[in-house]
> 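Once you've had a glance at the structure underneath, I'll fire off some questions.
Only a predicted model underlies this, so the values are computations on that prediction, with no experimental measurement involved. Values below: every heavy atom of this structure, side chains too, minus hydrogens, waters and symmetry copies.
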Amino acid sequence: MHDIDISEYSLLSNILGDKLKVNSIHNYAVSKVSHPFKVVATHKNVIEAIEYKKIIGVQFHPELMNNADELFNWLIT
């Protein structure tokens with residue numbers, strides 16, 4: 001588990017706040033993001049989340065976390 005920094009004013013920040021402890025159980029990462037997506041969360045310069053409008057992509061596993069209920073609630077509403 002490690003902390004990620006979430007960009008202020010991002011959709012992910014509105015859902016989860018500006019810091020989150022996440023899990024990483026893989027050894028790969030997104031290296032660059034193409035327009036129109038933007039990077040909205042990082043850990044030590046590693047991209048952890050991207051978004052565009054109401055699309056969110058995460059590089060961690062919220063289904064294995066105890067603190068991701070807000071994200072799942074947002075996804076199903």
Side-chain angles (χ1 to χ4, degrees):
M1 300 287 285
H2 61 272
D3 290 325
I4 60 172
D5 297 312
I6 303 172
S7 300
E8 188 177 15
Y9 307 116
S10 66
L11 180 56
L12 193 60
S13 176
N14 289 338
I15 298 167
L16 297 173
D18 63 350
K19 292 266 188 203
L20 182 66
K21 189 171 286 295
V22 301
N23 54 19
S24 289
I25 56 176
H26 46 71
N27 59 359
Y28 55 87
V30 172
S31 60
K32 63 182 180 175
V33 177
S34 297
H35 179 76
F37 286 92
K38 62 182 177 180
V39 175
V40 296
T42 59
H43 170 72
K44 295 183 179 179
N45 296 321
V46 173
I47 298 170
E48 293 282 354
I50 61 173
E51 64 183 46
Y52 170 67
K53 294 187 180 183
K54 292 195 171 205
I55 299 170
I56 298 173
V58 297
Q59 193 67 19
F60 51 90
H61 292 269
E63 74 278 7
L64 301 176
M65 298 167 48
N66 293 329
N67 58 349
D69 290 345
E70 295 88 358
L71 182 57
F72 286 115
N73 289 337
W74 179 83
L75 286 169
I76 62 171
T77 58

> Under the side chain to side chain contact (heavy atoms under 4.5 Å, CB included) test, which residues partner Val46, sequence neighbours left out?
Ala29, Glu48
> Who pairs with Glu63 by side chain to side chain contact (heavy atoms under 4.5 Å, CB included), at least two apart in sequence or on another chain?
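By the side chain to side chain contact (heavy atoms under 4.5 Å, CB included) rule, Glu63 matches His61, Phe72.
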> With rounding to the nearest 0.5 Å, note down the distance linking CG in Asn23 to CG in Leu64.
5.5 Å
> Would you compute the distance between atom OG of Ser10 and atom CG of Asp18 and round it to the nearest 0.5 angstrom?
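If I round to the nearest 0.5 Å, the distance is 9.5 Å.
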> Mind checking what makes salt bridge (charged side-chain N to carboxylate O under 4.0 Å, His left out) contact with Lys19, not counting sequence neighbours?
Asp5
> Give a yes or no on whether Leu75 and Leu11 share a hydrophobic cluster (residues Ile, Leu, Val, Met, Phe, Trp, Tyr; joining criterion: side-chain heavy atoms under 4.5 Å apart).
yes
> For Asp69, give me all partners under salt bridge (charged side-chain N to carboxylate O under 4.0 Å, His left out), at least two apart in sequence or on another chain.
none
> Nearest 0.5 Å, please: how far is CG in Leu16 from NZ in Lys21?
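With rounding to 0.5 Å, NZ (Lys21) is 14.5 Å from CG (Leu16).
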> What distance separates Ile4 CD1 from Leu20 CG, expressed to the nearest 0.5 Å?
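Reported value, rounded in 0.5 Å steps: 5.0 Å.
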> Only pairs at least two apart or in different chains count here, so list each side chain to side chain donor-acceptor pair (under 3.5 Å) that has a residue in residues 34-43.
none
> Where is the tightest heavy-atom contact between Ser13 and Ser7, given as atom of each residue plus distance?
CB-O, 3.1 Å
> Is it true that Val40 and Phe37 fall in one hydrophobic cluster, defined by side-chain heavy atoms closer than 4.5 Å?
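Val40 and Phe37: separate clusters.
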> Test of understanding: clusters of I, L, V, M, F, W, Y form through side-chain heavy atoms closer than 4.5 Å, transitively. Do Val39 and Leu12 belong to the same one?
no
> Is any side-chain heavy atom of Ile47 closer than 4.5 Å to one of Gln59?
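Contact flag for Gln59/Ile47 side chains = no.
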> Which residues pass the side chain to side chain contact (heavy atoms under 4.5 Å, CB included) test with Tyr9, not counting sequence neighbours?
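Applying side chain to side chain contact (heavy atoms under 4.5 Å, CB included) to Tyr9 gives none.
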> Run the side chain to side chain contact (heavy atoms under 4.5 Å, CB included) test on His2 and Val22 for me, step by step, so that the C-alpha distance in whole Å, both residues' side-chain angles and the decisive distance to 0.1 Å come before the verdict.
CA-CA 6 Å; His2 61 272; Val22 301; 3.7 Å; yes
> Verify the cluster assignment for Val58 and Trp74: are they in a single hydrophobic cluster under the rule of side-chain heavy atoms below 4.5 Å apart?
yes
> So if you build clusters from Ile, Leu, Val, Met, Phe, Trp, Tyr with side-chain heavy-atom gaps below 4.5 Å, do Ile56 and Phe60 land together?
yes
